[in-house]
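Throughout, a chain's letter reflects where its sequence line sits, starting with A, and its residues are numbered from 1. Computed from heavy atoms alone, side chains included, the values below leave out hydrogens, waters and symmetry copies.
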Amino acid sequence: MGKESEAMKRLKLAALGILVLAACAPTTTAPPPSPGPGVGAQRPATPPAARSLDRALRETMAARLAAFTLAVQEYLRQKTGNARLSLEVEDAWLDLVSQGGRSQRFVTRSFNGEEVVVTAVSEHEADRIAIRVYDPDTGRLIHRGDASEAFDLVLAEVRGRMALEVEVSRCRRQDGCAVALGVAKVNGASLTQGRGAPISVPLERDFLPPDFWR
Amino acid sequence: MGARGGLWAAVWLMGLALGMGQTLPSPGAIWAGYGDIYLERGEVETALHLYQRALELDPDLQEAAAGEAAALALLERREEALSKLDAYLERHPDSPLVLHVRGQVRFLQGWVSGAYRDLKRAYELNPAEPLYALAYARAAVVVGAWGEGRAVLSTLLEEGVPKEIQDQAVSLLYLLLYLSRSQALFNERGSGDEAGSLVHGPGTVCPLHPGRNLSGPDWT
């Protein structure tokens with residue numbers, strides 16, 4: 001009964017879901033991650049967005065996050081020449097954020113010095129977003145990404161938990177940008193070289209497939 | 001940018017030294033991984049969409065096949081789930097994960113004997129997985145294979161099994177005890193010797209797990 005494999009984690013989800021249905025209980029939904037202590041303190045709250053993420057948009061953004069993560073994995077493999085490198089999905093959110101607003105997320109999973117990649121991607125290519133990383137205990141900002149693209153990527157060696165934000169500096173739609181945020185563990189390679197602080201990963205503009213934004 | 005360049009150069013060289021010639025994991029794994037996240041959140045339709053995209057990339061990815069079927073079952077599309085599971089198992093008859101999920105869906109459909117066969121086979125293929133053992137034991141109890149159920153449940157009371165699994169195993173053991181004793185009384189065969197040793201009073205030690213006292217707080 002050793003260490004749980006990834007397949008077993010998936011199995012648990014599938015099986016528990018079915019069992020819940022079998023028991024005629026309401027479908028359990030994990031509560032949304034709450035910001036950690038200090039996160040969001042002394043900063044303006046995210047303005048409420050006028051529209052909600054409907055099913056189609058949720059599926060689009062979830063698919064975009066997955067495609068982005070896959071592209072990042074391929075990019076990192078090419079950059080490192082390491083075919084063993086793989087990204088293991090740990091957490092993800094979809095949100096709607098108004099221009100100038102932020103989506104605050106607290107990663108509930110705890111890490112033990114593993115390297116993680118935080119990926120964020122927005123709804124439209126013209127949007128501009130950046131990932132911000134906070135100390136979950138003090139709320140201190142420890143990394144602020146560069147909002148020059150409709151995506152951002154941060155690499156960090158994490159001990160304990162993470163507090164994250166996606167900051168939206170430009171939104172094509174006036175009523176808000178749909179943004180997706182993902183956290184994936186880096187397996188099979190060490191990219192941070194023992195550096196403690198999070199770092200932005202420089203991406204060449206053409207690393208995304210040509211039809212990515214369509 | 002200079003520091004970044006140096007970092008990437010170091011990473012590149014290290015990667016060349018360590019990573020060449022390795023097998024690439026399936027690209028669908030990332031899609032299926034996100035599917036798991038959304039299924040866990042209860043966003044079943046989004047999860048289904050992600051699993052289906054994963055299967056487009058890798059039709060043989062068992063995690064995606066199992067996740068897709070689980071999502072379909074949760075969306076009350078059980079016949080479709082079973083159809084897809086059957087098709088997958090025709091290609092991969094020894095996938096314990098997919099057998100396990102088909103067993104669960106068959107259970108929901110009321111096909112208990114079919115569920116029992118699938119769950120038993122999944123357990124036989126991977127007896128080290130506690131969830132397979134628990135599902136198999138549950139099916140064994142339902143079909144009346146109490147000896148099998150008890151034997152499997154006893155393995156779940158060993159060290160190293162997650163507490164949530166152990167708690168469910170203990171509940172099932174009590175159900176099994178109740179059923180077997182009721183049957184014994186009904187048949188006027190005495191007090192149910194097979195299960196009698198597990199019926200506890202104050203201070204009774206569990207014979208399946210001697211380190212735990214049945215009257216302790218963990219068992220209440």
Worksheet item: Residues two or more places apart in sequence or in another chain: which of them pass salt bridge (Lys or Arg N to Asp or Glu O under 4.0 Å) with B/Glu45?
Response: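 With neighbours one apart ignored, the set is A/Arg55.
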
Discussion item. Side chain to side chain contact (heavy atoms under 4.5 Å, CB included) for B/Tyr38 and A/Leu94? Distances and angles first, verdict last.
Written reply: CA-CA 10 Å; B/Tyr38 289 105; A/Leu94 308 175; 3.3 Å; yes

Discussion item. Please classify the contact between B/Leu57 and chain A as side chain, backbone, both or neither, with a heavy-atom cut-off of under 4.5 Å.
Written reply: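 Side chain of B/Leu57 only, per the 4.5 Å heavy-atom cut-off to chain A.
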
Item to complete: Looking only at non-hydrogen atoms, find the nearest pair between B/Tyr34 and A/Thr119 and report the distance.
Response: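 Nearest heavy atoms, B/Tyr34 then A/Thr119: OH-OG1, 4.0 Å.
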
Item to complete: Count the heavy-atom pairs under 4.5 Å between each of A/Ala92, A/Ser86, A/Ala62 and chain B, then report the option with the highest count.
Response: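 The candidate making the most pairs under 4.5 Å is A/Ala92.
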
Practice prompt. Take A/Thr60 and B/His49, measure what side chain to side chain contact (heavy atoms under 4.5 Å, CB included) needs, and give me the verdict at the end.
Written response: CA-CA 9 Å; A/Thr60 297; B/His49 179 67; over 6 Å; no

Fill in: chain B contact via A/Ala184 - which portion, at a heavy-atom distance below 4.5 Å
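No part of A/Ala184 comes within 4.5 Å of chain B.
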
Discussion item. Can you tell me how far apart CG (A/Asp91) and CZ (B/Arg41) are? Round to the nearest 0.5 Å.
Written reply: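 One gets 5.0 Å once the value is rounded to the nearest 0.5 Å.
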
Worksheet item: Atom OG1 in A/Thr69, atom CD1 in B/Ile30: separation rounded to 0.5 Å?
Response: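 The CD1 atom of B/Ile30 is 6.0 Å from OG1 of A/Thr69, to the nearest 0.5 Å.
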
Practice prompt. Could you tell me whether B/Arg91 atom CZ has more than 12 heavy atoms of other residues or ligands within 6.0 Å of it?
Written response: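 Counting neighbours around CZ of B/Arg91, more than 12 heavy atoms of other residues, nucleotides or ligands fall under 6.0 Å, so yes.
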
Item to complete: Report yes if some heavy atom in the side chain of B/Asp36 is under 4.5 Å from a heavy atom in the side chain of A/Val89; otherwise report no.
Response: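 Not touching, per the 4.5 Å side-chain cut-off.
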
Discussion item. Going by side chain to side chain contact (heavy atoms under 4.5 Å, CB included), name the residues that satisfy it together with B/Asp118, two or more places apart in sequence or in a different chain.
Written reply: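 Here the qualifying residues are B/Leu99, B/Arg102, B/Arg106.
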
